[in-house]
Amino acid sequence: MSIDTISNIITSIRNAEINKKRTIRIISTNITKNIVKILIQEGFIENVRKHQESKKYFFVLTLRRKNTSKIIYKKKIILKRISRPGLRIYSNYKKIPKILGGMGILIISTSKGIMTDKKARIKKIGGEILCYI
């Protein structure tokens with residue numbers, strides 16, 4: 001396990017999509033909790049439950065099948081990490097990029113918490129661009 005929890009989430013979801021698995025397990029932290037909330041709101045995750053194993057907490061995520069999600073995918077979910085520990089990428093609210101012409105979701109860490117690009121533009125808050133879906 002690496003220290004970068006956001007990359008762990010992205011890699012776990014991507015690998016589950018490739019291997020056609022329905023459930024994955026990730027470590028429970030505040031960052032992962034906020035990102036999982038966004039993924040539930042956007043329809044990528046169907047169900048989440050918290051699981052404890054020898055004093056460590058995990059989230060068990062149930063991924064939504066392609067035919068029941070909000071957005072219809074041709075091949076697979078595209079997840080990409082933008083800002084990473086070696087290279088942080090920041091943006092103000094005016095210059096937040098639009099992914100797939102506004103169809104994609106950009107997850108941003110702001111001073112008001114982790115949120116999507118649409119909420120950040122509405123609240124006029126910039127921040128660190130974490131990843132996009």
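All figures in this text were calculated on a predicted structure; none of them were measured in a lab.
Around CD1 of Ile31, the count of heavy atoms belonging to other residues, nucleotides or ligands within 6.0 Å does not exceed 12.
Listed by first and then second residue, the side chain to side chain donor-acceptor pair (under 3.5 Å) pairs that reach into residues 28-37 are Thr29-Thr32, sequence neighbours excluded. Screening residues 90-105 for salt bridge (charged side-chain N to carboxylate O under 4.0 Å, His left out), with sequence neighbours left out, gives no hits.
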Hey, can you pull the donor-acceptor pairs under 3.5 Å for the side chains in residues 102-114, sequence neighbours left out?
{"unit_1": "Thr110", "atom_1": "OG1", "unit_2": "Lys112", "atom_2": "N", "d": "3.2"}
{"unit_1": "Thr110", "atom_1": "OG1", "unit_2": "Gly113", "atom_2": "N", "d": "3.3"}
{"unit_1": "Thr110", "atom_1": "OG1", "unit_2": "Gly113", "atom_2": "O", "d": "2.6"}

Would you list the atom pairs, donor with acceptor, under 3.5 Å between side chains in residues 121-133 and any protein atom, with sequence neighbours excluded?
{"unit_1": "Arg121", "atom_1": "NH1", "unit_2": "Asp117", "atom_2": "OD2", "d": "3.4"}
{"unit_1": "Arg121", "atom_1": "NH2", "unit_2": "Ile96", "atom_2": "O", "d": "3.0"}
{"unit_1": "Arg121", "atom_1": "NH2", "unit_2": "Pro97", "atom_2": "O", "d": "3.2"}
{"unit_1": "Glu128", "atom_1": "OE2", "unit_2": "Ser83", "atom_2": "OG", "d": "2.6"}
{"unit_1": "Glu128", "atom_1": "OE2", "unit_2": "Arg88", "atom_2": "NH1", "d": "3.0"}

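For Arg64 (side chain) and Phe44 (main-chain N/O), no donor-acceptor pair under 3.5 Å exists by modelled atom type. Checking side-chain atoms of Arg49 against main-chain N and O of Phe59 turns up no donor-acceptor pair under 3.5 Å.
Scanning both residues, Arg25 and Val60, for their nearest heavy atoms gives CG-CG2, 4.4 Å. Of all heavy-atom pairs spanning Leu79 and Arg14, the tightest one is O-NH2, 2.9 Å.
Here the CG-CD1 distance, from Leu39 to Ile13, works out to 5.0 Å after rounding to the nearest 0.5 Å. Annotation: the span from Arg81 atom CZ to Leu87 atom CG amounts to 10.5 Å, rounded to 0.5 Å.
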Chi angles and distances behind the side chain to side chain contact (heavy atoms under 4.5 Å, CB included) call for Ile40, Val48: CA-CA 9 Å; Ile40 288 173; Val48 177; 3.3 Å; yes
Audit row: Ile35, Ile6, side chain to side chain contact (heavy atoms under 4.5 Å, CB included) steps and yes/no: CA-CA 8 Å; Ile35 291 175; Ile6 299 169; 3.9 Å; yes
Side chain to side chain contact (heavy atoms under 4.5 Å, CB included) between Leu63 and Ile45, worked out: CA-CA 5 Å; Leu63 300 177; Ile45 296 175; 4.3 Å; yes
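Considering only heavy atoms from C-beta on, Ile38 comes within 4.5 Å of Thr116 through its side chain. You'll find the side chain of Ile26 stays beyond 4.5 Å of the side chain of Phe58, heavy atoms only.
Gln52 meets the side chain to side chain contact (heavy atoms under 4.5 Å, CB included) test with Tyr57; sequence neighbours excluded. Not counting sequence neighbours, Arg84 has no partner by the salt bridge (Lys or Arg N to Asp or Glu O under 4.0 Å) test.
In the hydrophobic cluster analysis, where Ile, Leu, Val, Met, Phe, Trp and Tyr join through side-chain heavy atoms closer than 4.5 angstrom, Ile82 is grouped apart from Met115.
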